[in-house]
Each structure stands twice: as structure tokens, then as C-alpha cells.
Protein chains: 2
Amino acid sequence: MTAIESLAACGVKASPQRVAVLDYLMEHHTHPNVDDIYAALHPDYPTLSRTTVYNTLRLLTESGVVQTLSIDERNAHYDADVTLHAHFICTACRTIIDIPLREAALDAMAELPREMQVESTQLYFRGLCPACKCRAEHA
Amino acid sequence: MTAIESLAACGVKASPQRVAVLDYLMEHHTHPNVDDIYAALHPDYPTLSRTTVYNTLRLLTESGVVQTLSIDERNAHYDADVTLHAHFICTACRTIIDIPLREAALDAMAELPREMQVESTQLYFRGLCPACKCRAEHA
DNA sequence: AACAAGTTTGTAACGATTACAATCACTCGC
DNA sequence: GCGAGTGATTGTAATCGTTACAAACTTGTT
Ligand SMILES: [Mn+2]
Ligand SMILES: [Mn+2]
Ligand SMILES: [Zn+2]
Ligand SMILES: [Zn+2]
């Protein structure tokens with residue numbers, strides 16, 4: 001599924017900027033923040049504005065093509081993978097890592113009252129990544 | 001367990017302000033934000049500063065007496081219940097509700113690489129609470 | 001009383017995000 | 001092709017939660 005197809009599939013009008021942002025997210029699984037995306041695209045789109053990156057990411061999130069992660073209290077991070085998976089953030093180097101989930105377990109785990117309508121689920125882990133853990137142990 | 005005891009138990013020196021903040025959190029399970037806490041305590045502690053509320057909550061979080069929730073992208077919310085449970089936020093009225101978890105299921109659910117050291121886990125749900133869901137259906 | 005260490009306070013700075021108004025790009029009827 | 005209309009983009013200014021900082025205050029000690 002290409003970026004243009006994804007946009008069409010959920011009724012978002014394509015524009016060079018929107019395609020560029022979504023393309024970037026689909027090709028980089030690094031959970032970038034707005035500045036990462038802006039810095040990466042700016043060389044190729046010299047007139048691109050940070051505001052457009054913000055607006056586009058909001059639009060894509062509302063359309064369900066992208067998810068916004070609130071795992072990092074400093075700023076939002078974005079992910080074009082909207083299938084169920086968890087995230088781990090390293091409190092030392094701030095890297096965000098995907099954690100696969102055993103799908104069935106989620107229902108077994110949470111006792112959600114039937115009358116509430118869940119629209120999204122996010123599972124976050126915080127701690128030290130292997131590299132930073134190792135570095136900490138040698139200090 | 002009283003607020004003063006909790007502070008002592010994890011080596012945080014007590015002060016009237018710290019006790020007041022922790023007391024408030026232990027008595028109100030509403031997941032308040034900084035302004036909620038400040039507004040609630042200010043009548044009784046007229047010299048209390050917002051900065052002190054911020055500082056205290058950071059200290060309490062670092063000491064493990066309190067957890068900081070990043071479920072609401074607008075601002076941090078705080079919870080004196082640090083036992084494992086999930087949170088649901090209503091995207092309409094912003095209420096945060098506790099969701100009990102079946103403890104054992106967490107390990108079964110996430111495939112965490114053994115080399116990473118998890119320090120905290122947060123499971124967030126977003127959607128419409130019963131009241132707002134009902135209101136939405138009648139509109 | 002003088003001092004040291006730690007805490008609180010008020011204000012200023014910071015930084016991420018949003019609001020807004022002007023400009024731009026594209027489509028459609030002429 | 002041409003101009004109006006619609007929506008997208010841009011740059012700047014404003015907002016707002018949070019943090020930095022330095023001065024004033026507390027508390028305990030000599
Ligand atoms: Mn991911
Ligand atoms: Mn809670
Ligand atoms: Zn790391
Ligand atoms: Zn609600």
C-alpha cells in the first residue's frame with residue numbers, strides 16, 4: 001500500500017506535502033516527531049512549513065492512517081503502523097522501539113465496562129534500552 | 001497508609017506542601033492535573049506556589065509514590081495509586097477512569113526482549129465514556 | 001545569634017503546539 | 001483561456017504547560 005493509496009482509501013485529498021509526510025512515516029519506522037519529519041523533508045521541499053507538518057499529522061491521525069504517540073512527555077511522536085503493537089521508550093536515549101503484542105491477550109487483560117466505546121488503545125513501556133542499560137552498568 | 005508515612009517510607013522529607021499535595025492525591029482518585037491540585041489547595045495554603053506543586057509532583061514521581069499519566073496530550077495528570085491498572089480517557093469530557101487489569105495477562109501479552117529493563121508500564125484507552133456516548137447517540 | 005542545607009516562592013524563559021490572516025494552487029463554469 | 005471559488009499552505013504571532021533561576025524563607029546545628 002503506497003502513501004497515495006492510503007490517502008485515497010480514507011478520503012484525504014492528496015497534496016505533495018501530505019504525500020511526502022505520509023511517505024516518510026511509511027518508510028521510516030523510527031517514530032519521528034514533528035521536527036524530525038520537517039528536517040528530513042525540508043531539503044526536498046524547501047517551502048514546506050512546520051505548520052503544514054503539524055496540520056497534516058493531525059489530519060492523518062483523525063483519518064486513522066497514522067497514530068500519535070504520547071509516550072514522550074516532551075513532544076508527540078508519529079507512527080504509520082496502526083496495527084496493534086506496544087512501544088518502549090528508553091528514558092536515557094529517547095529511542096522508541098516497537099513491541100509486538102499477542103493480540104488475544106488484550107481482551108483477556110482489561111476489564112472494560114461494556115458501556116464505554118474504546119476508539120484506541122496504547123500500551124507504553126519505559127525503561128532502559130539494551131545499549132543504555134549496558135552503558136549504565138559499566139559506570 | 002497516610003501521606004506522611006508514604007513520604008517517610010521512600011525517603012522524601014515531609015513539608016506541609018508535600019503532605020498537602022500527596023494527601024490530596026490519596027483522597028481524590030480523579031487523576032487531577034497541576035491546576036486542579038493547585039486550585040484545590042490554594043484556599044487552605046494561600047502562599048502555595050504552582051512551582052511547588054510541579055516540583056513536588058516530579059519528586060513524588062521520581063520517588064515512586066505517585067505516577068504521572070501522559071494519557072492527555074494537553075497536560076500531565078497524577079495518580080497516587082501506583083499498583084498496576086489501566087486508564088481510559090473520554091475524548092469528549094476528558095474524564096479519566098481507572099480500568100482494573102488481570103495482572104497475569106500482562107506478561108502473556110507483550111513480547112519484551114529480555115535485554116531491556118522495564119521501569120514502568122502504562123496502558124491507555126481512548127474513547128467515549130458512557131455518558132458522552134449516550135449524549136452522542138441522541139444527537 | 002550566626003550558619004548551613006534544603007524548601008518554597010514569584011517571575012522569567014522555554015518550547016511545543018495552535019490560531020490566524022495572507023498567499024497560493026486547482027477546479028469549474030463561462 | 002479566464003476569473004471566481006474552494007481548499008491547502010505558509011509565516012508569524014499567540015498560547016499554554018512546564019522548567020529555570022535567584023531571592024526569601026525554614027529548620028536544625030554550633
Ligand atoms: Mn510503532
Ligand atoms: Mn488511576
Ligand atoms: Zn537507550
Ligand atoms: Zn465523557
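Numbers restart at 1 for each chain; the letters A, B, ... are given by sequence-line order, proteins then strands. Just so we're clear, the structure is a prediction, and the values are computed from it rather than from any experiment.
- A straight line from CG of A:L41 to C1' of D:dT10 spans 16 Å, rounded to a whole angstrom.
- The two atoms that bring B:I71 and B:H87 nearest to each other are CD1-O, 3.7 Å, heavy atoms only.
- The interatomic distance linking B:L59 (CG) with D:dT18 (P) rounds to 17 Å, in whole Å.
- Mapping B:N75 and A:K13 onto DNA chain D by nearest heavy atom places A:K13 at the nucleotide closer to the 5' end.
- Between B:R74 atom CZ and D:dT15 atom C1' the separation is 13 Å, expressed in whole Å.
- Per the geometry, CD1 belonging to B:I71 stands 18 Å off P belonging to D:dG17, to the nearest Å.
- Within the 4.0 Å cut-off from OP1 or OP2 of C:dT18, not a single side-chain nitrogen or oxygen of A:Y54 is found.
- To the nearest angstrom, P of D:dA24 lies 20 Å from CG of B:L48.
- A donor-acceptor pair is defined here as one N or O able to donate and one able to accept, closer than 3.5 Å; such a pair exists between the side chain of B:Y124 and the backbone of B:S70.
- Closest contact between the side chain of B:R58 and the listed nucleotides C:dT18, D:dT19, D:dT10 involves D:dT19.
- Taking atom CG of A:D35 as the reference point, atom C1' of C:dA16 lies 9 Å away to the nearest angstrom.
- Neither OP1 nor OP2 of C:dT8 sits under 4.0 Å from any side-chain N or O of B:T51.
- A 6.0 Å sphere centred on CD1 of A:I4 holds no more than 12 heavy atoms belonging to other residues, nucleotides or ligands.
- Both B:L123 and B:M116 are members of a single hydrophobic cluster when ILVMFWY side chains are connected at heavy-atom separations under 4.5 Å.
- B:S15 has no side-chain polar atom (N or O) that falls below the 4.0 Å cut-off from OP1 or OP2 of C:dT7.
- Nearest-nucleotide positions on DNA chain C place B:Y38 closer to the 5' end than the other of B:Y38 and A:R50.
- At whole-Å resolution of the value, NE2 in A:H42 and P in D:dT9 are 15 Å apart.
- One interatomic measurement links the two molecules: CD1 of A:I37 to C1' of C:dA16, which rounds to 14 Å at whole-angstrom precision.
- Residue contacts shown for A:E73 are absent, as no nucleic acid heavy atom lies under 4.0 Å away.
- For the pair B:L57 and B:V21, the tightest heavy-atom approach, listed with the atom from each and the gap, is CD2-CG1, 3.8 Å.
- Between A:R18 and D:dT9 there is a side-chain polar atom (N or O) within less than 4.0 angstrom of OP1 or OP2.
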